[in-house]
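Read the structure below first, then the notes.
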Amino acid sequence: MIRIHFTAADFARVRFASRPAPLLELNVALMRMCRPDDELLLGRWRRRLLHSLPAAVEPLGDLVPAGEAPKFIDVFSDTLKEGLDTVRASRPELVRSEIERVYAKRPSPAPLWIRDLHRGDADAWQLLRRAQHAAFETVLRPVWPLVQDLHQTEFTRHALAVAEHGVGAALADLVPGTRLHEGVWEVEGSDERDIKLRGRGVVLQPTFHWTGHPLIADLPDRPLFLTYPAGTGLPLAPSGAGGTDDALAAVLGRTRVDILLLLADERTTSELARRLRVSNATASTHTAALRGAGLITTVRAGRAVLHRRTALGSLLVQRRSGTRSVNG
C-alpha cells in the first residue's frame, strides 16, 4: 500500500491531465505486451505487435533489462515531440543513477550503446529517440485517435465527479481499492511506502493499456504523477478497422465472438454447437476459455449445461458498431 500525504495546498493542486501523454501510454502498452498474463484477451494482440515491431525498436529492450524501466523515460508531455525532447533533456545524474539501478541485478554487462548513454553520448541518445519514435508509430499511432477520445471521456467523468462531490470523494472513487482518510490517500501499489507531497500536488493521468495497480512517478521538485487504469483491459482497435466485431474477433477469435453474440440469451452447449456447426467438444472448449476470462458464466441444470454472458461479456459485444447475425 502506498500512502500519499496531502496538505490543504496539495488538495488545491490536484489536477487531471488535460490530454493523454504519448510516451507514458507507449510505456504501459509495451509493459502490457511483455507480460504473459491474459493469453485469451491479449495473446493475438501481443503476437501481432511483436511481429510488426521494426528493428529500430530493439534498443528499448536493452533499456528495460529486467522489466523495470529507468525513471527518466517516464515523461508526461502531451505531444510526442515534446516527450522525446523531455527525455533528452533529463539530468545526466538521473540518467546515470537510473541506468545503474536497472542494471544492478543483471549479471551480464550493459550493451555498449547503454554504456554510451550512461556517459551522455549524442549518438546513443539519437538511437534511443529513434527507438521510441518507431515504437510509438507502430504500437500507438493507429489507435491514437481512440486514446484521445477515451481520455476526453474520462476527463469529463472526473470533472463531473469533482463538481458534484468534491475533490476528496473524486479521489476516493478514482480507482477501486483506494481510500482517503484524514488527508492520507491510500493507493494499492507494488510496495509499502509513504509519500509526503508538501505542496507539490498531484496530476492524475488515465491510461488505456494498463489494468494493474496505479503507477507512481515521484521525482524531486515535480508534482506527483499517478497513472491509473481507465480502460476495459482489452487491446484498442484502430478506428475504421472493419467494425468492432472484426476487431474483437482479432483478439478472441471469430468462434468465441459468435458465442458471445449468441449468448444474448441463455443457451446450452448443444445449442451453441448446433448453431455454430461445430462439435459439442469444440463448443465446450471455447466456452471454457470464455468462462476463464470472465466473459460468460456456466451453471448445470439437470443434465444440461447453461451458459450466459457476464456484464463484461455484454459490454464487449455492445461496443460493436454493427449487428452481425450468427443465428442462421
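Judged by distance alone, with hydrogens and angles left aside, the side-chain atoms of Arg193 form no donor-acceptor pair with the main-chain N or O of Ile4 at under 3.5 Å. With hydrogens and angles ignored, the 3.5 Å screen pairs no side-chain donor or acceptor of Glu137 with any backbone N or O of Ala134. Counting only distance, with no hydrogens or angles, the side chain of Arg291 and the backbone of Thr297 share no donor-acceptor pair below 3.5 Å. Checking side-chain atoms of Glu25 against main-chain N and O of Phe208 turns up a donor-acceptor pair under 3.5 Å. Thr310 places a side-chain N or O within donor-acceptor distance of the main-chain N or O of Gly294, the cut-off being under 3.5 Å. Checked by atom type and distance alone, the side chain of Glu188 never pairs as donor or acceptor with a backbone atom of His213 at under 3.5 Å. In this structure, Arg15 contributes its side chain and Val203 its backbone to no donor-acceptor pair below 3.5 Å. A donor-acceptor contact shorter than 3.5 Å is absent between the side chain of Arg179 and the backbone of Val187. A distance-only check finds no donor-acceptor pair linking the side chain of Arg115 to the backbone of Pro109 [under 3.5 Å].
Heavy atoms only, all atoms of each residue included: Gln205 and Ala17 are closest at OE1-CB, 3.1 Å. Pro59 and Leu127 make their closest contact through CG-CG, 3.9 Å (heavy atoms, listed as atom of the first residue, atom of the second, distance). Thr138 and Leu49 get closest at one heavy-atom pair: O-CD2, 4.4 Å. Shown here for Leu63 and Val102, the closest heavy-atom pair between the two residues is O-CG2, 4.1 Å. Across Thr268 and Ala304, no two heavy atoms sit closer than the pair CG2-CB, 4.2 Å. Pairing each heavy atom of Pro229 with each of Thr211, the nearest pair is CB-CA, 3.8 Å.
Side-chain contact between Phe72 and Leu219: absent, with no pair of heavy atoms (C-beta onward) separated by less than 4.5 Å. At least one side-chain heavy atom of Leu261 sits less than 4.5 Å from a side-chain heavy atom of Asp258.
For His118 and Tyr103, the distance between ring centers is not under 6.0 angstrom. Within the 6.0 Å centre-distance limit, the rings of Phe136 and Trp144 are counted as a close aromatic pair.
Salt bridge annotation for Glu39-Arg44: absent, with no cationic side-chain nitrogen under 4.0 angstrom from a carboxylate oxygen.
Under the salt bridge (charged side-chain N to carboxylate O under 4.0 Å, His left out) criterion, Asp194 pairs with Arg3, sequence neighbours left out. Partners of Gln126 under the side-chain hydrogen bond (donor to acceptor under 3.5 Å, both in side chains) rule, at least two apart in sequence or in another chain, do not exist in this structure. When the salt bridge (charged side-chain N to carboxylate O under 4.0 Å, His left out) test is applied to Glu93, the partners found at least two apart in sequence or on another chain are Arg91. Among residues two or more places apart in sequence or in another chain, the salt bridge (charged side-chain N to carboxylate O under 4.0 Å, His left out) test is passed with Arg129 by Asp85.
One side chain, Thr86 or Ser77, offers a donor N or O that lies under 3.5 Å from an acceptor on the other. No hydrogens or angles considered: a donor-acceptor pair under 3.5 Å links the side chains of Thr282 and Ser279. In this model, no donor atom of one side chain and acceptor atom of the other lie less than 3.5 Å apart for Glu266 and His307.
The CG atom of Asp74 sits 9.0 Å away from atom NZ of Lys71, with the distance rounded to the nearest 0.5 Å.
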Tabulate below the donor-acceptor pairs under 3.5 Å that side-chain atoms of residues 156-163 make, not counting sequence neighbours, or state none.
unit_1: Thr156; atom_1: OG1; unit_2: Gln152; atom_2: O; d: 2.9
unit_1: Arg157; atom_1: NE; unit_2: Glu154; atom_2: OE1; d: 3.2
unit_1: Arg157; atom_1: NE; unit_2: Glu154; atom_2: OE2; d: 3.3
unit_1: Arg157; atom_1: NH2; unit_2: Glu154; atom_2: OE2; d: 2.6

Enumerate donor-acceptor pairs with a distance under 3.5 Å from any side-chain N or O in residues 165-178 to protein atoms, sequence neighbours excluded.
unit_1: Thr178; atom_1: OG1; unit_2: Ala172; atom_2: O; d: 3.0
unit_1: Thr178; atom_1: OG1; unit_2: Val175; atom_2: O; d: 2.9

Verdict with supporting geometry, Val278 and Leu272, side-chain contact (heavy atoms from CB on, under 4.5 Å):
CA-CA 8 Å; Val278 299; Leu272 292 172; over 6 Å; no
Evaluate Leu204 against Phe225 for side-chain contact (heavy atoms from CB on, under 4.5 Å), listing each step before the verdict.
CA-CA 6 Å; Leu204 305 173; Phe225 281 82; over 6 Å; no
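Checked options Asp221, Asp218, Asp10; the residue passing with Arg200 is Asp218 (criterion: salt bridge (charged side-chain N to carboxylate O under 4.0 Å, His left out)).
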